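Both ligands and their constituent atoms are indexed starting at 1 by order of listing. Remember, predicted model here, so these are calculated numbers, not experimental data.
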Amino acid sequence: MQIEAKNISFRYSDNQPWILQDVSLKIEEGERVGLIGPSGYGKSTLVKIMSGYLRPTKGEVLLDGKPLPKKGVSPVQLIYQHPEKAINPRWKMKKVLQESGMFREEVMEALGIEKDWLERYPRELSGGELQRFCVARSLFSGTHFLFADEMSTMLDVITQAQIWNLMLKEVEERRLGLLMVTHNAELAKKICTRTINLAEINKREDI
Ligand code: ADP
Ligand code: ADP
């Protein structure tokens, strides 16, 4: 599979400035891509567009040449820095996971998710605990692409490393495509097969 952002331009509304102009990029399954670039250049906006959470103002996102499906479990999963916004507040965590697909005990254990957390509502968990559920849900979904946007800012250093190691193991075993937004060029170098600098592909006039 391949995901392609094709000539994407974006602004949040008609009277706001363009955030992205004529941005194109392709990611193949099995590739691990780092997305870097100065703050405010549109990295988060681009990954939201490429995972279907925002519609591009111009251009399109194609999965094997076809538009992203609107329904069902998405073949592109986004994990971002606000896990509390990504989870239905009215569902117990058990239901959040059941709705996501294939439950896997060993992933739960590796992520340090405790059994009694399953009986809780999102508001009864910390940001770091919720983020583990977001990662588990994405991995259970049978996704082809995993996008991570500064997902570890909520987590302490040890947990960050634990979660990244597990994710990378899954990414490699299942040959998922990974797109990670990061400010950490060292991390990107360690994990990624290539790095894209948004400053170089965003044709916005002011940058
Ligand atoms: P990056 O991830 O590279 O830091 P972002 O995609 O978060 O960049 O933001 C790009 C620009 O879009 C910034 O100028 C930001 O202020 C603006 N922006 C982000 N979200 C919104 C929003 N909901 N409405 C209006 N402007 C926004
Ligand atoms: P920002 O990071 O600019 O503040 P938000 O966090 O408000 O933007 O994101 C906008 C909306 O996108 C959220 O309210 C949320 O509903 C949706 N969203 C983004 N990522 C996900 C995700 N992984 N799962 C579910 N919803 C998401």
Side-chain angles (χ1 to χ4, degrees), residues 3-27 31-63 67-68 70 74-89 122 127-128 130-132 134-135 137-138 143 145-157 159-160 163-164 167-168 171 176-207:
I3 186 161
E4 176 178 17
K6 202 170 167 191
N7 307 111
I8 300 283
S9 295
F10 183 83
R11 53 181 170 182
Y12 280 92
S13 66
D14 289 349
N15 50 16
Q16 285 188 38
W18 289 97
I19 308 293
L20 300 169
Q21 268 181 336
D22 199 17
V23 172
S24 296
L25 75 103
K26 277 184 204 171
I27 304 170
E31 267 195 302
R32 299 190 300 276
V33 179
L35 183 63
I36 59 166
S39 174
Y41 276 32
K43 299 182 296 297
S44 291
T45 303
L46 180 61
V47 293
K48 279 187 189 159
I49 291 172
M50 289 184 71
S51 47
Y53 289 105
L54 283 175
R55 287 167 57 89
T57 315
K58 296 183 192 169
E60 53 192 347
V61 179
L62 300 172
L63 198 65
L68 279 182
K70 290 200 183 68
S74 172
V76 185
Q77 290 282 323
L78 172 66
I79 300 165
Y80 74 141
Q81 65 269 65
H82 304 295
E84 74 288 354
K85 291 188 196 169
I87 288 180
N88 185 335
L130 275 183
Q131 193 63 295
R132 295 171 207 230
C134 288
V135 174
R137 175 173 71 174
S138 296
T143 191
F145 292 94
L146 203 55
F147 291 178
D149 183 0
E150 301 282 332
M151 66 155 193
S152 29
T153 43
M154 285 257 174
L155 306 167
D156 63 80
V157 177
T159 310
Q160 272 185 40
I163 291 186
W164 265 113
M167 271 183 53
L168 286 174
V171 163
L176 305 181
L178 176 73
L179 179 64
M180 63 178 284
V181 175
T182 185
H183 293 292
N184 188 338
E186 277 301 303
L187 187 70
K189 218 158 115 188
K190 211 168 86 188
I191 291 174
C192 297
T193 48
R194 70 185 162 104
T195 302
I196 296 174
N197 187 341
L198 189 55
E200 288 169 11
I201 59 167
N202 190 354
K203 304 188 186 91
R204 214 166 89 188
E205 273 145 28
D206 59 319
I207 61 181

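- Between the K43 side chain and the L198 main chain, no donor and acceptor come within less than 3.5 Å of each other.
- Residue K43 has at least one heavy-atom neighbour below 4.0 Å for each of these atoms of ligand 1: 1 (P), 2 (O), 3 (O), 4 (O), 6 (O), 8 (O).
- Against a heavy-atom cut-off of under 4.0 Å, G42 is close to the following atoms of ligand 1: 1 (P), 3 (O), 5 (P), 6 (O), 8 (O), 10 (C).
- Ligand 1 is never approached by S13 to a heavy-atom distance shorter than 4.0 Å.
- Judged by distance alone, with hydrogens and angles left aside, the side-chain atoms of E60 form no donor-acceptor pair with the main-chain N or O of P67 at under 3.5 Å.
- For the ligand labelled ligand 1, residue S39 lies inside the 4.0 Å heavy-atom shell.
- Here the closest heavy-atom approach between residue S138 and residue T143 is recorded as O-CG2, 3.6 Å.
- In this comparison of F10, W18, Y12, Y41, the heavy atom closest to atom 27 (C) of ligand 1 sits on Y12.
- For atom 13 (C) of ligand 1, the nearest non-hydrogen atom from the set G40, P17, P38 comes from G40.
- The two residues K26 and E31 make their nearest non-hydrogen contact at O-OE1, 4.1 Å.
- In summary, the atoms of ligand 1 found under 4.0 Å from a heavy atom of Q16, numbered by their order in the structure, are 25 (C), 26 (N).
- Considering CE of M50 and CG of L68, their distance stands at 8.5 Å, rounded to 0.5 Å.
- Contacts between T45 and ligand 1, counted as non-hydrogen atom pairs separated by less than 4.0 Å, involve both the backbone and the side chain.
- Taking all atoms of both residues into account, the shortest heavy-atom contact from W18 to K58 is CH2-CE, 3.9 Å.
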